[in-house]
Amino acid sequence: MVSSYRLTKQAKMIKTDDFSSVFSFRKRVASEHLIVHYLPNQQALARLGLVIGKKTAKLAVSRNYMKRVLRELFRYKQHEITHVDLIVRVQKKFNQSEFKQIKQEFDVLMTKLNHKAMLNTQKVTLAPSAQLQERS
RNA sequence: GAAGCUGGCUAGACAGUCGCCGCCUAGCAAUAGGGGGAGGAAAGUCCGGGCUGCAAAGAGCAGGAUGACGGCUAACGGCCGUACAUUGAAAUGUUUGCUGGCGAAAGCUGGCAAAUUAUAAAAUGCGGAAUAGGGCCACAGAGACGAGUAAAUUGCGCUUCGGCGCGAUGGAUGUGAAACGCGGUAACCUCCAUCUGCAGCAAGACCAAAUAGGCUGGCAUUGGCGUGGCUCGCGCCGCCAGCGGGUAGGUUGCUUGAGCGCAUAAGUAAUUAUGCGCCUAGAUGAAUGACUGUCAGCCUUAGUAAUAAGGUAUACAGAACCCGGCUUAUCGGCCAGCUUCACUU
RNA sequence: GUCCCCAUCGUCUAGAGGCCUAGGACACCUCCCUUUCACGGAGGCGACCGGGGUUCGAAUCCCCGUGGGGACG
């Protein structure tokens, strides 16, 4: 167990290529407010990308709040998540009164994802074509 | 004290745990310590500037903006003062009606309702055009700015004595406006005065990497491009269109500025001058968050009240080069001032 | 961030101050035609994005907002 709960810059996903590769992997888990896309990566940590469109919340304040909350939740859980690239999409907007529900949803999603990703990594190691796709 | 207004300030506070983004110090580094970290509107992008590039942006036209008068300002379509117009209180006054008390009566004194005038504080709006010119004015009406009509009165002339012709007058119908007053409309064109070159930090500068100096078609020094309206001027020398291909990294611009606070002086005020003190965000897939406790706040319940218990985590909303305004959104709280009325001394 | 554009029945649109109680097409509703449906015919329902201003009079002109869309190095 790593002692620090720091969120480093390496754990952030920035480039468009990363985002599109995760989306093209076409695996996801969802709850009422959130959709999480994921792709197992070769690095020693989990990486996070956030997508919150103007459609879900019109105000910049609420969009920024949602980003902060999701980043915070990821920060607490980052060492319990297997090494995947995550993209969290917000499907339905939430505010401060719904924080506890969001936290619960996030935890449930992460345990689900860990479970699924374990299965997937086994498949990936078996199938060489998926590795090729990842290298490209 | 009540009513109606105007202006300003603030935008929950404190403590703790885990984190985010710059800066400074130490360190090879990991990291550690210190200190800082959203707003009054950061918003809309409606105006005005600074700054940067285009020639130090140079001339003219076109286009655009503004418009009482005076002032303030870096500038403004902003602000302040004055004048004019419109609006503006059941608080007061006045009138009318109903009704009560006191009184022999004259009368005095209330209550309710309705109507209405004048206004206060305050809010909103503002150029000229019979005398520069053009356009438009539906319906109604004889007639919409050229002219010209029926009845009435009256003057003159003619008369077959029934009237007819010409001129003048005020008035009628209908109209937003009128019987000639050279109307109304310039938030229709235009004219007058003042201002105005264009683009915007994705401006611009530097570094690195890569591509290219390819192909096809067209025009070519009386030409083309750069200033994205035009002409001249100035600068550069191939240019334009299509096809194909390649980048879309980093540093800087980047926060000390028409800056903020206090005091004094000038001015009715906006504002200005002087002195002293202070440094107050600089992200770039975009930093301020989450949780806990106490006290405020709000809601509900109990209680005459003080208060107690429970809940809610709190308006509008997040800097992106920087300022001055305007407009729009907004839960509350505090302070100051103005007007009218009532009461006390 | 900066710079632009648009808004009219449920949909696509016409409308350059008075002819607008806003026209047309498709859609919807009712009736007729048909044994019935479709086609066709007749009628109806239904809108100027919101608020101010200019004007005698605004869908139209001016200002402020709301919503939607676009472009960039």
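Chain A is the first sequence line, chain B the second, and so forth, proteins listed ahead of strands; every chain is numbered from 1.
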Which whole number of Å gives the distance between the C1' atom of B/U95 and that of C/C48? 50 Å
Does A/Y65 place a side-chain N or O at less than 4.0 Å from the phosphate oxygens OP1/OP2 of B/A290? yes
Are more than 12 heavy atoms, taken from residues, nucleotides or ligands other than A/R28, located less than 6.0 Å from that residue's CZ atom? no
Whole Å only: how far is the NZ atom of A/K67 from the P atom of B/G289? 15 Å
Qualifying residue, where the test is side-chain contact (heavy atoms from CB on, under 4.5 Å) with A/V84 and the options are A/L113, A/L39, A/V36: A/L113
Where does B/U280 fall, syn or anti, if syn means a chi angle no more than 90° from 0? syn
Where along nucleotides 313-318 of chain B does protein come under 4.0 Å, by heavy atom, of base (B) or sugar-phosphate alone (S), with - for untouched nucleotides? SS--SB
Between B/U252 and B/G223, how far apart are the P atoms? Round to whole Å, please. 48 Å
Classify the side chain of A/E72 versus the base of B/G19 as yes if they form a donor-acceptor pair under 3.5 Å and no if they do not. no
Please work out whether B/G229 sits syn or anti, treating a glycosidic angle within 90° of 0 as syn. anti
Scanning all shown strands, the Watson-Crick or wobble mate of B/A144 with both distances under 3.5 Å is none
Is C/A7 syn or anti, taking syn as a glycosidic angle within 90° of 0? anti
Expressed as a whole number of Å, how far does the C1' atom of B/G197 sit from that of B/A57? 8 Å
Expressed in whole Å, how much space separates the P atoms belonging to B/G19 and B/A209? 41 Å
Pairwise P distance for B/U211 and B/U247, with rounding to whole Å: 9 Å
Going by purine N1 to pyrimidine N3 plus the second Watson-Crick contact, or the G-U wobble pair, all under 3.5 Å, which nucleotide sits opposite B/C156? B/G165
Can you name the residues that form a side chain to side chain donor-acceptor pair (under 3.5 Å) with A/E32, not counting sequence neighbours? A/K92, A/Q101
Want to settle it: does A/R75 or A/V69 sit nearer the 5' end of RNA chain B, counting the closest nucleotide to each? A/R75
Base partner of B/U327, which must satisfy Watson-Crick or wobble distances under 3.5 Å: B/A43
According to the Watson-Crick and G-U wobble definitions, with both distances under 3.5 Å, which nucleotide is paired to B/A281? none
Look up atom CG in A/L34 and atom CZ in A/R89, then write down how far apart they are to the nearest 0.5 Å. 11.0 Å
Identity of whatever pairs with C/G50 - Watson-Crick or G-U, under 3.5 angstrom: C/C64
Judged by whether its glycosidic angle lies within 90° of 0, B/G40 is syn
Note: A/L109 and A/S31 closest approach over all heavy atoms is CD1-OG, 3.8 Å
Using Watson-Crick geometry (N1-N3 plus N6-O4 or O6-N4) or G-U wobble (N1-O2, O6-N3), each under 3.5 Å, B/U73 is paired with none
Between P of B/G289 and CG of A/L50, the distance in whole Å: 17 Å
For B/G19, does the glycosidic angle fall within 90° of 0 (syn) or outside that (anti)? anti
A/E105 vs A/H33 side-chain heavy atoms within contact, under 4.5 Å: yes
